[in-house]
Amino acid sequence: MGGWAIAVHGGAGVDPNLPPHRQDQAKQLLTRCLNLGISALRSSLPSIDVVELVVRELESDPFFNSGRGSALTEKGTVEMEASIMDGPKRRCGAVSGITNVKNPISLARLVMDKSPHSYLAFSGAQEFAKQQGVDMVDNEYFITEDNVGMLKLAKEANTILYDYRIPIVGLESCGVAAESPIIMNGLPISVYAPETVGCVVVDGQGRCAAATSTGGLMNKMSGRIGDSPLIGAGTYACDLCGVSCTGEGEAIIRGTLARDVAALMEYKNLSLQEAVDYVINKRLDEGKAGLIAVSKNGEVAYGFNTMGMFRGCATEDGFMEVGIWE
């Protein structure tokens with residue numbers, strides 16, 4: 001075994017004009033979450049507990065698009081989704097359409113541990129949450145002033161906005177003003193910079209786990225489900241590795257991105273980084289995305305084909321890195 005390793009992400013596709021103070025805020029949050037995970041791993045907490053712990057922290061901070069601070073639907077509400085997977089036996093849990101559960105990732109964990117199913121959505125997931133006694137809050141808890149402003153902008157532009165963190169002031173210099181919109185699933189969108197969150201961990205016993213959580217797209221259709229709760233697309237863990245993806249959900253779904261990393265390692269004997277590079281370069285079909293991954297041997301890797309990706313990683317031998325750009 002190569003010791004424990006952890007990686008976190010806060011989304012791929014960062015706008016190059018993101019103000020320096022927001023870049024610093026992102027790095028501080030990622031560092032805080034990494035340190036939380038490192039402390040837990042040093043205390044011999046299992047990988048599945050560590051990924052839940054770290055993603056809960058990300059969901060509780062409004063900076064990224066998950067939990068509090070989630071993107072708003074076209075109706076001005078929040079519909080969150082999350083998934084978690086335990087590598088050793090490929091146990092998993094996922095939820096979609098969550099409107100008032102404070103930490104969707106913990107509800108996904110309960111689906112895995114306390115239900116006979118792997119995936120619950122909308123009213124069924126909400127009812128299960130009540131039965132399990134999880135922390136519930138009003139939908140307004142998740143809504144921030146920034147999100148309300150960006151939803152208004154999205155409606156005025158009649159489009160889906162990926163990066164609702166782009167400042168409204170000076171918008172003409174940001175991606176929303178691009179003359180050539182990016183195509184998503186065959187349709188044009190104006191901004192590409194999703195900020196889903198995720199964490200992957202391999203503990204000292206070589207057990208891998210992965211967790212992903214998101215609010216989805218700003219101004220998305222009510223009922224839209226992305227890659228984040230889909231096992232094998234946005235999240236995957238097995239005895240070889242753990243993977244969490246972020247980016248254009250529709251492209252990640254089509255490419256079954258997270259599972260492909262594990263498949264390349266299993267069937268082609270590729271290294272972790274080789275597998276990550278291959279799926280980013282060959283499996284996105286002109287889509288934009290990024291991912292983080294760990295292997296059972298204590299390796300950590302990431303890849304993205306966007307301008308940047310909010311990310312951080314650490315290993316037992318003392319290596320630690322937090323970055324945004326290439």
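- At least one side-chain heavy atom of L58 sits under 4.5 Å from a side-chain heavy atom of L29.
- Atoms CZ and CZ, on F142 and R68 in that order, are 10.0 Å from each other to the nearest 0.5 Å.
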| request: For the pair T99 and T77, evaluate side-chain contact (heavy atoms from CB on, under 4.5 Å) and give the outcome as yes or no after the intermediate values. | output: CA-CA 8 Å; T99 60; T77 59; over 6 Å; no

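- The same ILVMFWY cluster, assembled from side-chain heavy atoms under 4.5 Å apart, contains both I253 and I225.
- Not a single donor-acceptor pair under 3.5 Å links the side chain of E79 to the backbone N or O of S222.
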| query | Would T246 and F310 satisfy side-chain contact (heavy atoms from CB on, under 4.5 Å), going step by step from the backbone distance to the final call? | reply | CA-CA 10 Å; T246 174; F310 296 108; over 6 Å; no

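- Side-chain contact check for N103 versus V134: every heavy-atom pair is 4.5 Å or farther apart.
- Partner of E52 under the side-chain hydrogen bond (donor to acceptor under 3.5 Å, both in side chains) criterion, out of S213, S106, S47: S106 alone.
- Remark: side-chain polar atoms of K220 are not paired, donor with acceptor, to backbone N or O of A71 under 3.5 angstrom.
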| message | The test is salt bridge (charged side-chain N to carboxylate O under 4.0 Å, His left out); show your working for D49 and R56 and say whether it passes. | response | CA-CA 11 Å; D49 293 336; R56 279 180 63 97; over 6 Å; no

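- A donor-acceptor distance shorter than 3.5 angstrom exists from the side chain of S115 to the backbone of H117, with no hydrogens or angles considered.
- No donor-acceptor pair under 3.5 Å is formed between the side chain of E266 and the backbone N or O of A263.
- A distance of 12.0 Å separates NE2 in H9 from SG in C33, rounded to the nearest 0.5 Å.
- Inter-residue side-chain proximity for L110 and V95 is flagged as unmet; no heavy-atom pair is nearer than 4.5 Å.
- Heavy atoms only, all atoms of each residue included: G234 and A258 are closest at C-CB, 4.2 Å.
- Under the 4.5 Å side-chain heavy-atom criterion for grouping Ile, Leu, Val, Met, Phe, Trp and Tyr, V8 is not connected to V200 through any hydrophobic cluster.
- Using a 4.5 Å heavy-atom threshold, the side chains of N139 and N100 count as separate.
- Between D146 and R22 there is a salt bridge, since at least one side-chain N of the basic residue sits less than 4.0 Å from a carboxylate O of the acidic one.
- Between the side chain of S83 and the backbone N or O of S228 there is at least one donor-acceptor pair closer than 3.5 Å.
- A salt bridge does not link D86 to R207: none of the charged side-chain nitrogens sits closer than 4.0 Å to a carboxylate oxygen.
- Cluster membership check: F63 shares its hydrophobic cluster with V14, using side-chain heavy-atom separations under 4.5 Å among Ile, Leu, Val, Met, Phe, Trp and Tyr.
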| salt bridge (charged side-chain N to carboxylate O under 4.0 Å, His left out) evaluation trace for D61 with R32 | CA-CA 11 Å; D61 191 295; R32 188 173 85 228; 3.3 Å; yes

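- The side-chain heavy atoms of V201 and V294, taken from C-beta on, include no pair separated by under 4.5 Å.
- Among all heavy-atom pairs drawn from G10 and L30, the shortest one is N-CD2, 4.3 Å.
- The shortest side-chain heavy-atom distance between E299 and Q273 does not fall under the 4.5 Å cut-off.
- Of the possible polar contacts, none joining the E81 side chain to the I98 backbone as a donor-acceptor pair under 3.5 Å is found.
- Hydrophobic cluster membership for L270: L240, V243, I252, L257, V261, L264, M265, L272, V276, Y278, V279, I280, L284, L291 (Ile, Leu, Val, Met, Phe, Trp, Tyr linked by side-chain heavy atoms under 4.5 Å, directly or transitively).
- With contacts defined as side-chain heavy-atom distances shorter than 4.5 Å, the pair L151/M218 qualifies.
- Side-chain contact check for N297 and S295: no donor-acceptor pair (N or O, by modelled atom type) lies under 3.5 Å.
- Each of M112 and I231 belongs to its own hydrophobic cluster when Ile, Leu, Val, Met, Phe, Trp and Tyr are linked at side-chain heavy-atom distances under 4.5 angstrom.
- The backbone N or O of T214 lies less than 3.5 Å from no partner atom in the side chain of S66, so there is not a single donor-acceptor pair.
- Here the closest heavy-atom approach between residue A26 and residue F64 is recorded as CB-CZ, 4.0 Å.
- Closest non-hydrogen pair, C313 versus V300, comes out as CB-CG2, 3.7 Å.
- Contact detail for A237 and A210: the closest heavy-atom pair is CB-N, 4.0 Å.
- For the 3.5 Å distance criterion, the side chains of S244 and T235 fail to qualify, holding no donor opposite an acceptor.
- No salt bridge links K288 with E248; every basic N to acidic carboxylate O contact stays at or beyond 4.0 Å.
- In this structure the side chain of L72 never reaches within 4.5 angstrom of the side chain of N219, judged on heavy atoms.
- Taken from OG in S70 to OH in Y141, the straight-line distance is 10.0 Å, to the nearest 0.5 Å.
- Ion pairing between R91 and D113 holds under the 4.0 Å rule for side-chain N and carboxylate O.
- For the atom pair CD1 (I6) and CD (E316), the distance works out to 12.5 Å, reported to the nearest 0.5 Å.
- Note that the CD1 atom of I38 and the OG1 atom of T315 stand 8.5 Å from one another [nearest 0.5 Å].
- Here the CZ-CE distance, from R259 to M85, works out to 8.5 Å after rounding to the nearest 0.5 Å.
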| said: Would I143 and V148 count as a side-chain contact (heavy atoms from CB on, under 4.5 Å) here? Give the steps. | reply: CA-CA 7 Å; I143 298 173; V148 172; 3.7 Å; yes

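- Ionic pairing of E74 and R224 is not present here: no N-O contact between side-chain nitrogen and carboxylate oxygen is shorter than 4.0 angstrom.
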I'd like a table of donor-acceptor pairs (distance under 3.5 Å, sequence neighbours excluded) in which one partner is a side-chain atom from residues 318-326, with atom names and distances.
residue : atom : partner : partner atom : Å
W325    : NE1  : Q23     : OE1          : 3.3

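- Although no hydrogens or angles enter the test, the distance criterion places no donor-acceptor pair under 3.5 Å between the side chain of N65 and the main chain of T196.
- Donor-acceptor pairing under 3.5 Å is lacking for the side chains of D24 and Q28.
- Residues L107 and M80 share a hydrophobic cluster, clusters being chains of Ile/Leu/Val/Met/Phe/Trp/Tyr side chains in contact below 4.5 Å.
- E59 places no side-chain N or O within 3.5 Å of a backbone atom of K102 that could act as its donor or acceptor partner.
- Heavy atoms only, all atoms of each residue included: A125 and S96 are closest at CB-O, 4.2 Å.
- A donor-acceptor pair under 3.5 Å links the side-chain atoms of S271 to the main chain of E274, judged by distance alone.
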| request: Please lay out, stage by stage, how Y236 and L230 fare under the test side-chain contact (heavy atoms from CB on, under 4.5 Å). | output: CA-CA 9 Å; Y236 192 75; L230 300 184; over 6 Å; no

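- Exactly one of I84, V51, V55 qualifies for a side chain to side chain contact (heavy atoms under 4.5 Å, CB included) with R109. That residue is I84.
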